[in-house]
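See below for the structure under consideration.
Numbered from 1 within each chain, the chains take letters A, B, ... in sequence-line order.
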Amino acid sequence: MDAVADRDTSEVIAAPLGPLTMALGAEVLDDIRQSVIALAATAGGSQRSDMERFASYCLNEAARRSAAKGGRKAASLHDEALRVATEACGLDRVKAGRGAANAHVAWPAHDEAPAAVRRVAASFDSLAPMPVPASRPQHMPAQPLGELPGVLDRLWWKSTVRLAWRQVWGVLAQCYACLTASRK
Amino acid sequence: MNPTTAAARPARQPNVSAWRWGVWAATIATVIPLSVVMARSLGDDRPVLSLAVLGLFVVLTTWIALWFWIATTGFVLAWRRCRATASGAGAKPRARLLSPTAILIPVYNEDPREVFARVRAMLKSLERTGRAGSFDFFLLSDTTNPDIWLEEQWHWLELQRELKRPTAVYYRRRSRNAHRKAGNIKDFCERWGALYPLMVVLDADSLMDGATLVELVRRMDEDPQLGLLQTPTLPLGDRSLLSRCQQFAARLCGGLLACGLDWYSGDGGNYWGHNAILRTEAFTRHCGLSDLPGRAPLGGEILSHDFVEAALMQRAGYKVRLACDLTASYEQCPGTLPSYAQRENRWCQGNLQHARLIVSRAMPLSNRFHFLTGVLAYVSAPLWLAFMALSVWTWLAAES
């Protein structure tokens, strides 16, 4: 999770959301995501950004596990995601999590589980709208600014401001004194 | 070329130097008689005080007179350009191909609805030109607010579903906001700069017409020595009294000043950080920023990076110009005094940091003039206050 947290957002949302959106639809994924977030909230998560990334991680892992199970009867992606979330959070409340979200996976009725798992696996590996193009790294070197006059920076700034304020205050005081003297 | 011992001197237009001397001559001719009148009115009672008042008067009047003559030159040039445009002169044929161009929009906790609305508007405008395929948008997010960040992602996904060409708009959020906007642009240059010969840098509140974007690319393609082309921006958007005043002033005076400044600067123009097109390779190779020696507020990270980047670009031998004839370039202005003051506070520190660069021999002379302009834009206010206070004191002393 720390490795995921440190990466740019582009890599986090590209990996699970792109291909899964193409396979299942955004609404289905939103339902699953909300269930996982509800579970994370139950486990004590409070930062929405952290929970969104946690949900992305669980979806990613669930898709990988579903694809890895191959020909065996695979649990629905929703249950798998909640199972991953439960393991990550250290809880054992899959049913509670599903109940809290009140969501269901709109799985194609006539497809068998292996075919559905293969579709998830295929879409997971397929190209998806990527947030950023492949990078071509290069270095942008810092350029010299030449010889610059030294200043005492903060000390100079404070002393200059203090000196200027004293002068201005003195001038204003003398102006006031002259004004009152001229009125008399 | 050793940048630390000698400033680069790129080739100048043949008549610009002569006309610049003419502007300075007109300025001096304006200031001298005014200074004589001022000196006669001050009297001889308090010579030190009178000298201080006169000194401030000369400095402040010189600056006003200089910009008056620059604006007057701009007025003449704009009038001549209007006549030339009306007669059909200056029309250029369209280039067949445009260089691939990245349009960078750095975002920092902005309203995603407005940002993406502007992106949609610019995309539609580009599609009308038939050249949209040459442009890719990059939303470079440094957003720290998680709710805004998630909304940015949602808006980007929605935009992806609408676009005919989904790769037209990319989104990247930095996990660490190093060196603010300059660091954001640097991150793009280091990761994807090699893919795009040109890049247009916008602000989150910027808006540019598609035809203007195409024309910018065309001019950069036609002149390989042109490193940076800045467009003058017009404020628009808000309807508060302050915004309307800014919009009115910019409409009335902005064009003239832009024309005059473009002429005065020649190939040593300035960069305002947004609504400009840059040559990516030149920018990456020559415009990396280093920190100023010392600590904040006058040292450390350079806040107003745009002026320094323009100087570095010119020092590398590239032209930096102001496209004063391209007016379909907009930005939003602060609508309230607190937001205006907040922006000015940031700009004040950034411009005062440039004070030391004025005396740096590694900086081109023309860009040192821009540094001086930026410093005086903020230093002139206390100078005016001192001038008025000393004038009142002198008058009161004379009365008493």
Side-chain angles (χ1 to χ4, degrees), chain A residues 5-14 17-18 21 26 47-53 128-158 160-161 164 167-168 170-172 174-182 184, chain B residues 3-5 7 136 138 141 146-147 149-150 153 156-157 160-161 166-167 170-175 186 189-195 283-299 308 312 315 356-357 359-363 382 385-386 389-390 392-393 396-397 399-400:
Chain A
D6 286 341
R7 284 152 57 192
D8 277 349
T9 302
S10 57
E11 296 180 57
V12 172
I13 70 172
L17 292 185
T21 302
Q47 291 291 330
R48 185 168 179 88
S49 61
D50 290 342
M51 290 195 284
E52 286 280 347
R53 287 188 290 185
M130 295 293 291
V132 293
S135 62
R136 194 182 296 178
Q138 58 181 353
H139 180 55
M140 184 170 180
Q143 300 296 321
L145 299 175
E147 293 182 21
L148 301 177
V151 291
L152 296 177
D153 289 332
R154 190 168 293 174
L155 181 63
W156 175 83
W157 180 254
K158 277 186 180 173
T160 303
V161 169
Q167 298 300 319
V168 169
V171 167
L172 290 174
Q174 290 210 13
C175 287
Y176 180 72
C178 289
L179 194 61
T180 46
S182 65
K184 288 178 184 175
Chain B
T4 58
T5 56
D136 285 342
F138 278 79
S141 174
D147 293 330
W149 169 38
L150 290 171
Q153 294 180 10
W156 176 80
L157 284 170
Q160 289 297 298
R161 293 190 190 109
T167 55
Y170 295 103
Y171 174 83
R172 187 276 282 134
R173 178 184 170 271
R174 282 199 301 174
S175 51
K186 181 185 173 188
C189 292
E190 288 183 332
R191 291 171 71 175
W192 303 291
L195 302 174
F283 184 81
T284 307
R285 192 181 292 183
H286 301 294
C287 299
L289 293 177
S290 49
D291 289 348
L292 288 168
R295 292 178 297 173
L298 297 181
V308 183
L312 294 173
R315 187 174 79 180
R356 285 192 280 169
L357 294 173
V359 298
S360 169
R361 295 176 63 191
M363 293 290 137
L385 179 63
L390 289 175
V392 170
W393 186 9
L396 290 173
E399 287 291 308
S400 63

Looking only at heavy atoms, the pair that brings Thr284(B) and His139(A) closest together is CG2-O, 3.9 Å

Shortest non-hydrogen pair, Ala134(A) vs Leu195(B), comes out as O-CD1, 3.6 Å

Any donor and acceptor pair, going by atom type alone, linking the side chain of Gln143(A) with main-chain N or O of Cys287(B) inside 3.5 Å? no

Could you tell me whether a side-chain N or O of Ser290(B) sits under 3.5 Å from a main-chain N or O of Ala142(A), the two making a donor and an acceptor? no

Heavy atoms of Cys189(B) and Gln138(A) approach each other most closely as O-NE2, 2.9 Å

Between Leu312(B) and chain A, with a heavy-atom cut-off of 4.5 Å, which part of the residue counts as in contact: side chain, backbone, both or neither? side chain

So, does Trp192(B) use its side chain to make a donor-acceptor pair with the main chain of Arg136(A) at under 3.5 Å? no

Please report the shortest heavy-atom distance between Asp291(B) and Leu145(A), naming the atom on each side. O-CD1, 4.4 Å

